[in-house]
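Each remark here refers to the structure printed beneath this line.
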Amino acid sequence: MHPLLDGLNPEQRLAVTTTDGPLLVIAGAGSGKTRVIVHRMAYLLDQGLARPEQILAVTFTNKAALEMKERVHQLVPPTRRRGELLVSTFHSFCVRVLRRHLDRFGGTYTRDFTIYDTDDQGRLVKACLKELGLDEKQFPPRMIQSAISAAKNRGDTPDTLPPSSDPKRDAIVRTFRLYEARLAAANALDFDDLLLLTVRLLRRFPDVADDYNDRFRYLLIDEYQDTNPPQFNLVRLLTQRQQNLCVVGDPDQSIYKFRAADIRNILDFERHYPQAKTITLARNYRSTKTILRAANAVIRHNRARREKSLTTQNATGEPIRCVVAPDAEAEADFVVGEIIRWQRQREHLPEADTRAAVLYRTNAQSRLFEEACRRRGLPYVLVGGFSFYQRAEIKDALAYLRLLLNPHDDAAFDRIVNVPARGIGKATLDILTARASQTGVSRWTATEHLLAEGSLGGRALTALSSFVSLMRGLQAMVEGATLADLLQAVVKRSGYLDMLAQEGTLEAESRKQNLEELITAAAEADERGESLRAFLDQAALVADTDLLVEQARVTLMTIHSAKGLEFPLVFIAGLEEDLFPHARAAVDPEELEEERRLFYVAVTRAKQQLYLTQAERRRVYGEEKPTDPSRFLDELPEDALAISAWAGVRAQTASAPDGRFEPASRPIGETPWRRDGSPEPRRARPGSSARPMADAPDRQGFKVGDRVEHATFGVGQIVRVADGKLDIAFPGKGIKRFVTEAAPLTKLARR
DNA sequence: CTATCCATATTTTTT
DNA sequence: ATATGGATAG
């Protein structure tokens, strides 16, 4: 047998070797679909069916792309893969195409376009509403924003939408029109545009489409159930000349409807490609029988689905443990305590077999788990939330760079024109806005016009012209200087560093450190020979999961971020009505089914042991409210659970004599953790937060709970002191370990 | 024009 | 509980 097929089951082998024509691989959770894609690519290369540059593989995140590429490289000797194997996300691929060909349109858009992220988009929508005199209360920007995005993904433009007497529809259409005009004036594309314009480009210029059709002889699409209409169109356009298309996905794991993903793409694949062969991978290699049985039972409650039941030869495994905690803090404490206990029992095992994940529905839940981890000194990595590239100072610095590359980037302009404050206030900006919208030019051009006319008052004139000369001076550097030097000049000459220095707060210090880290990243990009353009593209398109540290033994993330990942130990937290399923989803039966698929995804992340937790009370908008158990809990087979009753489980809070926190809740039948028979003291009141772990201070006087500053990572909190090593949690960056003597640390005052 | 205070909404999920 | 935005004062 061919060595690349070794260790694959018959269906997987078939999926790897059926290389001719369209192929649909319905791959259940944990059925080794990534493995199939990887081996398929390796097989194509090995058999000489394609050279690397003739293969295009599309994954859901850049991280997955990198990993997949690496795995192919491991399977195929370098001699067989001269040329670049293209594995990327749809968005990254489209940026590549557009950077090459967008000029063909001739109009306002050029290949120097800027990418507007969700944040920029939101600001723009707000500005448009304001300009149109529409009330934000009546038409929430977020709602308008998603309406515009939905319309775009349906293929609508402001012109195809008829004027409506419904004030809401009317507001949407008018905002949509202005929004598109402003984007065009700024030579900016939002995330949706990246896909839409690529489709339009390939349609309008058949020679370009032909080029790509000739180049890519094999197309592989992962997570096909989450493709949206423009992505589908793109796939269509790339398979005009040949249909060596392999799509892999699981309809039961479709969880991105809010992003316009259309599950029909995968359900109707055989209709779209009549020649298609279909292979189903129904054997699960990941989870225990118990976990899989639960997953199957849950997903069976969805009506709109094709029946598919996964089987496994794995062990039966432990029952799924369900725990009700009195409140969310106790829930987090319990989870962290269990992780510690579980990992201790497995100290002798390889690290990969001791990894744990805490999954939750909303990012807001992450904080509690972070805090619990810190209290217990458990190192963790947080995925998502406010990632590095979402920090204000990082976005500010990048906005300077964006403006240097594209002066018409209005979002960048607005972001930094008065940051740091240089005397350009509301009045001046209003004049600027008026001029820009009257003449339909960018804010930068409007500024130039205003300055040239000399119609501005003295103070505004000085302020604006100093800004313009700052940018011109920096612009002169763009060609010659390295990225790192350019960035350094930006933060220095703009006065950004001075502003931070003047603030003198810890917060400002930490921001400064973040900027230094960005400069380090720029220096690394310099070493890779990356252009400023590539650096900014990457910053706009990185997903939070892309930054995930694989080695972390504990990962906190939303279920959405966990798609495609697996862990021996998984906790699904917050199993409460209105949280999971989320209140906004529970009203619509279709959305409820999507929530259930989300739950299915969460359950199937677990390999060995699964915990489901609920908090009996949870703070919502600062107010404690009682919760109801999630309806999903009722959908699990009772005999797969460690407890079956959910109502009325009320555990007392236990606290250990040495001040450590113990889980405040436990499954029925387990004795509370207590060393002596003393009456249980009440838990610290909210507000006076928990005492940190009472580790002995080391000889430099660093204690758990101290706030410290590190030269590179900024301000953090010590979470563990042991064996001459310090674990320090840096907000948003996870926990790093240092050797006490060597670490460049400064102790800071307690908050 | 900037800084500060107070009211208000805010929580799905992400390329 | 916290972030944002508007109003007010300096």
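In this text, all values refer to a predicted model and were calculated from it rather than measured experimentally.
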With the criterion being N/O to N/O and under 3.5 Å, what pairs connect the protein with nucleotides 2-8 of chain B, and how long is each?
unit_1	atom_1	unit_2	atom_2	d
B:dT2	OP1	A:Gly423	N	2.9
B:dT2	OP2	A:Asn418	ND2	3.4

Tell me which one of A:Arg402, A:Arg182, A:Lys126 satisfies salt bridge (charged side-chain N to carboxylate O under 4.0 Å, His left out) with A:Asp120. A:Arg402

With a sphere of 6.0 Å drawn around CZ of A:Arg264, does it hold more than 12 non-hydrogen atoms of other residues, nucleotides or ligands? no

Identify the pairs formed between an N or O of the protein and an N or O of nucleotides 4-6 of chain C at a distance under 3.5 Å, and give each distance.
unit_1	atom_1	unit_2	atom_2	d
C:dG5	OP1	A:Lys126	NZ	2.9

Hey, can you pull the residues of residues 247-256 of chain A with a non-hydrogen atom under 4.0 angstrom from DNA chain B? A:Tyr256

Euclidean distance for P, B:dT13 against C:dT4 (whole angstrom): 15 Å

Under 3.5 Å: donor-acceptor pair, side chain of A:Thr613, backbone of A:Glu331: no

What's the CZ-C1' distance between A:Arg597 and B:dT12, to the nearest Å? 15 Å

For the backbone of A:Ala186 and the side chain of A:Asn406, can you confirm whether one donor and one acceptor N or O come within less than 3.5 Å of each other? yes

ring-ring contact (aromatic ring centres under 6.0 Å, His included) partners of A:Phe413, counting only residues at least two apart: A:Phe467

Nearest-nucleotide comparison on DNA chain B, the residue closer to the 5′ end among A:Leu429 and A:Arg584: A:Leu429

Across the strands shown, which category fits A:Ala583 at heavy-atom distances under 4.0 angstrom: base, sugar-phosphate, nothing? nothing

Under the side chain to side chain donor-acceptor pair (under 3.5 Å) rule, collect the residues that match up with A:Asp192, sequence neighbours excluded. A:Ser149, A:Asn153

By nearest heavy atom, map A:Pro140 and A:Thr118 onto DNA chain B; which one lands nearer the 5' end? A:Pro140

Looking at residues at least two apart in the chain, or sitting in another chain, which of them share a salt bridge (charged side-chain N to carboxylate O under 4.0 Å, His left out) with A:Arg154? A:Asp156

Would you say the ring centroid of A:His560 lies under 6.0 angstrom from that of A:Phe258? yes

